[in-house]
Undergrad: 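First the structure, which I've put down as structure tokens, then a few questions once you've had a look.
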Amino acid sequence: MMLLDHKKFQKFLIKYYNSPDDIRARMVGIEKSYDSGYYNIVRFYGDNAVDPCDVKIKYLPGQFELKDRLIYKFAKQIEKELKEQGRMYDGPLVTRVAAALFTKDESELHIQKCAYGTFAGSCFALDKETKLFGIHRTLREYYISQNYIGLVDHPLALCLGICGILVIKDRENMQGMLMQRSGNLASLENSIGPSAAGSVDFAEDYKNLSDLIERALGAEIEEELNLTSDEYKIIPLAYSQEIYRGEKPQIFCMIETSLNRKEISERLDSIEKPEEFTSYQFVDLANIHDQTIKTNHEAIMNCFLI
């Protein structure tokens with residue numbers, strides 16, 4: 001079942017995000033020369049950096065629900081199909097972003113609880129053709145026609161994702177570990193992705209964005225990489241919005257560890273039935289753009305930020 005079609009994505013960018021300013025804003029890498037497919041990129045390092053410790057978390061009351069009846073109907077159907085395929089299960093509430101204000105003087109992230117099924121149903125099946133949206137044919141074409149203004153009244157359930165690349169020093173080179181994602185995941189299945197990735201669970205006691213990052217990515221690292229909290233350090237890199245999956249917000253990080261490749265491999269190989277990945281590999285991050293590895297857009301963005 002085709003839910004997301006990356007082959008169509010370039011045409012979508014050209015149609016809706018092709019002004020010189022749009023293209024320039026998406027550029028990443030050392031010289032900002034690679035098109036990332038992300039926009040509203042806020043860096044946590046370098047010139048004009050925002051410190052995640054200074055970003056306040058503001059809570060919206062209640063639980064987010066899709067207001068557009070067509071999107072609601074479509075999302076419910078996708079949620080049902082993902083569950084029937086064994087690609088999604090009922091889980092904890094996730095974190096919808098209602099506003100993201102980043103300045104050096106005052107920064108806030110406004111969040112609200114949201115059901116994971118609502119998020120998956122409205123952000124993971126944007127290219128599946130349906131008669132439900134009439135002339136628009138797909139949810140991707142339909143939602144972009146709704147004249148929304150930013151995050152505040154966006155018609156999709158834009159829930160926060162987080163990911164990180166595990167980095168080690170190997171013979172003086174910076175090596176990053178990438179995961180071959182399982183085919184039974186709800187999104188970006190069967191692709192090469194970051195070392196750890198997932199949606200941010202909703203909690204009512206995040207102190208600030210730094211606390212959110214540490215807790216959310218820390219849980220993914222310990223579950224997916226089998227590392228303990230004293231064996232890694234999380235370095236936040238950037239916040240942005242991902243055009244491919246409906247403009248959902250995403251946080252990128254670097255995960256430092258003193259463990260070597262052999263030790264990391266032993267940890268991963270000791271996981272009896274890993275649900276998130278089928279294999280892993282170590283790559284030279286300095287030459288990531290020259291390598292033949294076909295990473296997904298989430299992983300390549302993460303590598304370029306590092």
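Keep in mind it's a predicted model, so treat the numbers as computed, not measured.
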Undergrad: Can you tell if the side chain of Ser107 reaches within under 4.5 Å of the side chain of Val42, non-hydrogen atoms only?
TA: no
Undergrad: Would you say Cys159 and Val94 make side-chain contact, with heavy atoms under 4.5 Å?
TA: yes
Undergrad: Please determine which of Lys248, Arg245, Arg87, Glu298 meets the side-chain hydrogen bond (donor to acceptor under 3.5 Å, both in side chains) test together with Ser187.
TA: Arg245
Undergrad: Taking side chain to side chain donor-acceptor pair (under 3.5 Å) as the definition, give me every residue that meets it alongside Asn287, ordered by chain and number, with sequence neighbours left out.
TA: Asp284
Undergrad: Look only at the side chain of Ser210 and the backbone of Pro52, and say whether a donor-acceptor pair between them is shorter than 3.5 Å.
TA: no
Undergrad: Evaluate side chain to side chain contact (heavy atoms under 4.5 Å, CB included) for Leu126 paired with Asp5, printing each intermediate quantity in order.
TA: CA-CA 8 Å; Leu126 290 159; Asp5 188 353; over 6 Å; no
Undergrad: Would Cys163 and Glu220 count as a side chain to side chain contact (heavy atoms under 4.5 Å, CB included) here? Give the steps.
TA: CA-CA 9 Å; Cys163 64; Glu220 300 291 342; over 6 Å; no
Undergrad: Would you call Ile255 and Val167 a side-chain contact if the rule is heavy atoms closer than 4.5 Å?
TA: no
Undergrad: Tell me whether the centres of the aromatic rings in Phe252 and Tyr38 are closer together than 6.0 Å.
TA: yes
Undergrad: Going through the distances and angles, do Ile251 and Leu160 end up as a side chain to side chain contact (heavy atoms under 4.5 Å, CB included)?
TA: CA-CA 8 Å; Ile251 290 172; Leu160 184 61; 4.0 Å; yes
Undergrad: Could you list the residues that satisfy salt bridge (Lys or Arg N to Asp or Glu O under 4.0 Å) with Asp21, not counting sequence neighbours?
TA: Arg24
Undergrad: Would you say that more than 12 heavy atoms from the other residues, nucleotides or ligands in this model lie under 6.0 Å from the CG of Asn147, or not?
TA: no
Undergrad: May I have all residue pairs that pass ring-ring contact (aromatic ring centres under 6.0 Å, His included) and include part of residues 200-247, sequence neighbours excluded?
TA: His6-Tyr244, Phe9-Tyr244, Tyr59-Phe202, Phe102-Tyr239, Tyr244-His297
Undergrad: Can Glu247 and Tyr148 be counted as having a side-chain donor-acceptor contact under 3.5 angstrom?
TA: yes
Undergrad: Without swapping roles, check the side chain of Thr295 against the backbone of Gly193 for a donor-acceptor pair under 3.5 Å.
TA: no
Undergrad: Indicate yes or no: does Lys15 engage Glu141 in a salt bridge with an N to O separation below 4.0 Å.
TA: yes
Undergrad: When you check the gap from the basic side-chain N to the acidic O, do Glu129 and Arg137 get nearer than 4.0 Å?
TA: yes
Undergrad: Does a salt bridge link Asp90 with Lys83, judged by any charged N lying under 4.0 Å from a carboxylate O?
TA: yes
Undergrad: Go through the structure and list residues passing side chain to side chain donor-acceptor pair (under 3.5 Å) with Ser199, not counting sequence neighbours.
TA: none
Undergrad: Counting distance only, does the side-chain N/O of Tyr17 pair as donor-acceptor with the main-chain N or O of Ile14 below 3.5 Å?
TA: no
Undergrad: Measuring only between side-chain heavy atoms, which start at C-beta, is Lys113 closer than 4.5 Å to Thr95?
TA: no
Undergrad: Might you point out which heavy atoms bring Asn190 and Gly183 nearest each other, and give the distance in Å?
TA: OD1-CA, 3.1 Å
Undergrad: Indicate the atoms forming the closest heavy-atom contact of Leu188 with Arg181, along with that distance.
TA: O-NE, 2.9 Å
Undergrad: For Glu84, I'd like to know if atom CD has over 12 heavy atoms of other residues, nucleotides or ligands within 6.0 Å.
TA: yes
Undergrad: Of Ile271, Leu268, Asp269, which meets side-chain contact (heavy atoms from CB on, under 4.5 Å) against Asn226?
TA: Ile271
Undergrad: Taking side chain to side chain contact (heavy atoms under 4.5 Å, CB included) as the test, write out the residues that go with Ser279, two or more places apart.
TA: Gln180
Undergrad: Only counting residues at least two apart or in another chain, list the ones meeting ring-ring contact (aromatic ring centres under 6.0 Å, His included) with Phe119.
TA: Tyr116, Phe124
Undergrad: For Asp35, which residues count as a side chain to side chain donor-acceptor pair (under 3.5 Å) partner, sequence neighbours excluded?
TA: Arg26
Undergrad: Using the test side chain to side chain donor-acceptor pair (under 3.5 Å), find all partners of Thr138 that sit at least two apart in sequence or belong to another chain.
TA: none
Undergrad: Using side chain to side chain contact (heavy atoms under 4.5 Å, CB included) as the criterion, list what pairs up with Lys73, not counting sequence neighbours.
TA: Leu132
Undergrad: Hey, is OH on Tyr39 packed in by over 12 heavy atoms from elsewhere, all under 6.0 Å?
TA: yes
Undergrad: Does His136 have any ring-ring contact (aromatic ring centres under 6.0 Å, His included) partners at least two apart in sequence or in another chain, and if so, which?
TA: Tyr142
Undergrad: How far apart are the C-alpha atoms of Arg267 and Glu263, what are their side-chain angles, what is the distance that settles it, and do they pass the salt bridge (charged side-chain N to carboxylate O under 4.0 Å, His left out) test?
TA: CA-CA 6 Å; Arg267 293 299 181 85; Glu263 292 169 322; over 6 Å; no
Undergrad: Which Ile, Leu, Val, Met, Phe, Trp or Tyr residues join Met27 in one cluster when any pair of side-chain heavy atoms under 4.5 Å counts as a link?
TA: Ile23
Undergrad: Please check if the side chain of Arg96 supplies one atom and the backbone of Ala157 the other of a donor-acceptor pair under 3.5 Å.
TA: no
Undergrad: Restricting to non-hydrogen atoms, name the atom on Ala25 and the atom on Ile41 that form the minimum distance, rounded to 0.1 Å.
TA: O-CD1, 3.5 Å
Undergrad: Determine, stepwise, if the pair Leu166 / Thr257 fulfils side chain to side chain contact (heavy atoms under 4.5 Å, CB included).
TA: CA-CA 7 Å; Leu166 185 70; Thr257 182; 3.7 Å; yes
Undergrad: Tyr16: which residues meet the ring-ring contact (aromatic ring centres under 6.0 Å, His included) condition with it, sequence neighbours left out?
TA: Phe12
Undergrad: Gln85 and Glu81: side chain to side chain donor-acceptor pair (under 3.5 Å), yes or no, with the steps?
TA: CA-CA 6 Å; Gln85 295 170 15; Glu81 291 180 17; 4.7 Å; no
Undergrad: Any donor-acceptor pair under 3.5 Å linking the side-chain atoms of Glu231 with those of Thr228?
TA: yes
Undergrad: Got a donor-acceptor contact below 3.5 angstrom from the Asn302 side chain to the Cys253 backbone?
TA: yes
Undergrad: Kindly say whether Val50 contributes a backbone atom to a donor-acceptor pair with the side chain of Arg43 at under 3.5 angstrom?
TA: no
Undergrad: To the nearest 0.5 Å, what is the distance between NZ (Lys128) and CZ (Phe133)?
TA: 11.0 Å
